[in-house]
Amino acid sequence: MASRTSAFDLSKCARPNILALEPYRCARDDYKDDGTNILLDANENAIGPGLALNKDGKLTNGASNGSGPAIDIDLLGLNRYPDPHQIELKQALCNLRNFKVHTSKTLTPASLFVGVGSDEAIDALLRAFCVPGKDKILVCPPTYGMYSVSAQVNDVALVKVPLQIPGFQLDVPAIKDALAKDPSIKLAYLCSPGNPTGAVLKKEDIKQILEHESWNGVVVVDEAYIDFAPDNASLAEWVTEWPNLVVMQTLSKGFGLAGIRLGAVFTDPAIARILNSLKAPYNISNPTSQLARAALDPKHLEVMYKNKDLIVKQRERLLAELPKIPGIGKFIGGEESNFLLFEMLDTPADQGGKPSNETALAVYEGLAEEKGVVVRFRGKEYGCLGCLRITVGSEKEVDRFLEEIKVVLQNIFTKSVKPGAKAEEKRENEANDVVA
């Protein structure tokens, strides 16, 4: 083939902030699912989808067989584009969150945007409110990594105001001061329950930020894990009271439907109109919409709530049993999600052990490579020294996890095992790690 010449230079053609972008690191980048591993790393719903399925895990054809209500996936309609407005789905989401606890007003579809998981909403808000290279967002570490990744993609700077320790609650005076001093901050991303903290933020603290005397911006409350929190904890319906409030949710966690990628934004109709105007016209596929609407049907919701109760039961079990294992330190997060944040110590607590990233990395690697149990190392994040984030599994998964982590810690303390090559690589990569 003859040689070709071209003036093309990728390093000069692509946007500099994109060239500098670190690859998205998800929970499966280190250890893949080989069918035998116990995956307690991605905060997925370990019980399964919140759908009434038959004993073989298949969709039912109807309720007459006693296996649950029908789910009608219109395969013959796949040659047609999906509904760009999704009013029926939005109404079902409104029905789910109209508690009449935080307000007497009623949510309507006009206050909704639906997208591909919460990540589409995170990005859409940045594109709607932030001028690239000029505006900023505020985040409160430790927090969900996609806020910073999306900000970098959109050439938007970060202002960081760490959560208070202990407790992982908002530092309201510091946040209000940062917002007052910098009018270029257009969005404040607040994660509740937090990831990796698992703590629900105080409603009164969020209210103080919404009532800021001079800041002209939007408060974004990310409620991805809200279905594991106490009843009526969601602030979704509160958007009817505040024109500057956005509440993001997803069906990936509590509903166990991470595979369909459905996220929702509850907000003032004026903001919803902006988000709906800038989205791709057919961003929600027909199968996704049909499965989501089925999941929000009362009979399928019964399954979701039952699954949630099973997870909460195992969460309480982990809280009771993990502190009994030598080498495990304090539980430092909240109890309102489907994961827990625990310290790993350099020696057992009765020998004066202290939180240790070296131990946490060794436990992380030992569990995954020797025992087939995958958790997440969080020790590089603010306030999380020596911490592992552990997704709450099924009863059998928790049985095995408790057994294996005890053995791994015993091996570390008796053999002075140090992290291997993968853990050392993990140490370098952790600053750029993003976890759903």
Side-chain angles (χ1 to χ4, degrees), residues 11-26 115 117-165 168 170-192 194-197 201 205-206 208-210 212-222 224 244-248 263 265 267 271 274-275 278-279 378 380-384 428-436:
S11 66
K12 296 178 180 179
C13 185
R15 292 162 53 195
N17 61 301
I18 300 300
L19 291 172
L21 186 67
E22 292 292 338
Y24 181 104
R25 286 182 53 80
C26 70
S118 297
D119 295 338
E120 182 178 355
I122 293 169
D123 180 73
L125 287 163
L126 280 158
R127 289 187 288 125
F129 288 97
C130 297
V131 177
K134 175 184 175 182
D135 291 330
K136 304 171 185 175
I137 65 171
L138 182 143
V139 296
C140 299
T143 193
Y144 181 38
M146 271 305 298
Y147 309 144
S148 62
V149 171
S150 290
Q152 187 174 357
V153 167
N154 288 283
D155 198 15
V156 172
L158 291 178
V159 174
K160 299 180 180 180
V161 180
L163 297 173
Q164 293 181 315
I165 296 175
F168 293 119
L170 298 175
D171 186 343
V172 175
I175 292 173
K176 293 183 69 175
D177 184 61
L179 298 176
K181 290 179 177 178
D182 192 345
S184 68
I185 300 173
K186 295 299 180 65
L187 301 166
Y189 282 95
L190 312 177
C191 201
S192 178
N195 178 10
T197 70
L201 300 177
D205 289 349
I206 296 173
Q208 289 188 58
I209 300 170
L210 289 166
H212 196 287
E213 298 83 359
S214 61
W215 178 58
N216 182 25
V218 178
V219 176
V220 183
V221 180
D222 187 345
N244 55 336
L245 175 62
V246 166
V247 175
M248 299 190 302
V265 164
T267 188
I271 293 178
I274 291 174
L275 297 178
L278 64 81
K279 75 175 182 66
R378 300 286 83 190
K380 292 293 185 180
E381 297 194 34
Y382 175 81
C384 300
E428 296 177 1
N429 288 334
E430 193 61 35
N432 300 314
D433 197 14
V434 180
V435 182

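It should be emphasised that the depicted structure is a prediction, and the values quoted were computed from it without experimental measurement.
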Let me confirm one number: the [atom1]-[atom2] distance from [X] to [Y], rounded to the nearest 0.5 Å.
{"X": "K186", "Y": "L126", "atom1": "NZ", "atom2": "CG", "result": "11.5 Å"}
{"X": "E213", "Y": "Q208", "atom1": "CD", "atom2": "CD", "result": "9.5 Å"}
{"X": "R127", "Y": "I274", "atom1": "CZ", "atom2": "CD1", "result": "12.5 Å"}
{"X": "S148", "Y": "I137", "atom1": "OG", "atom2": "CD1", "result": "7.5 Å"}
{"X": "S214", "Y": "K181", "atom1": "OG", "atom2": "NZ", "result": "12.0 Å"}
{"X": "L125", "Y": "L278", "atom1": "CG", "atom2": "CG", "result": "8.5 Å"}

List the atom of [X], the atom of [Y], and the distance in Å for their closest heavy-atom pair.
{"X": "S184", "Y": "K134", "answer": "CB-O, 3.9 Å"}
{"X": "Y382", "Y": "P141", "answer": "CD2-O, 3.7 Å"}
{"X": "I18", "Y": "V153", "answer": "CD1-O, 3.7 Å"}
{"X": "M248", "Y": "I122", "answer": "CE-CG1, 3.6 Å"}
{"X": "V221", "Y": "S192", "answer": "CG1-CB, 4.1 Å"}
{"X": "P132", "Y": "N154", "answer": "CB-O, 3.4 Å"}

Determine yes or no for a side-chain-to-main-chain donor-acceptor pair under 3.5 angstrom, with [X] supplying the side chain and [Y] the backbone.
{"X": "T267", "Y": "L245", "result": "yes"}
{"X": "N244", "Y": "L210", "result": "yes"}
{"X": "D182", "Y": "A178", "result": "no"}
{"X": "W215", "Y": "I185", "result": "yes"}
{"X": "R378", "Y": "T197", "result": "no"}
{"X": "N17", "Y": "Q152", "result": "yes"}

Item to check | Option passing side-chain contact (heavy atoms from CB on, under 4.5 Å) with L163 (candidates D171, L170, L190) | outcome: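 Single side-chain contact (heavy atoms from CB on, under 4.5 Å) partner of L163 among D171, L170, L190: L170.
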Checklist entry - Pick from D222, D119, N195: which one makes a side-chain hydrogen bond (donor to acceptor under 3.5 Å, both in side chains) with Y144? => result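 Running side-chain hydrogen bond (donor to acceptor under 3.5 Å, both in side chains) over D222, D119, N195 with Y144 returns exactly one hit, D119.
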Checklist entry - Are any of the side-chain heavy atoms of Y147 and L187 separated by less than 4.5 Å? => result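 Not touching, per the 4.5 Å side-chain cut-off.
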Item to check | Residues F129, V156; criterion side-chain contact (heavy atoms from CB on, under 4.5 Å); working and verdict | outcome: CA-CA 10 Å; F129 288 97; V156 172; over 6 Å; no
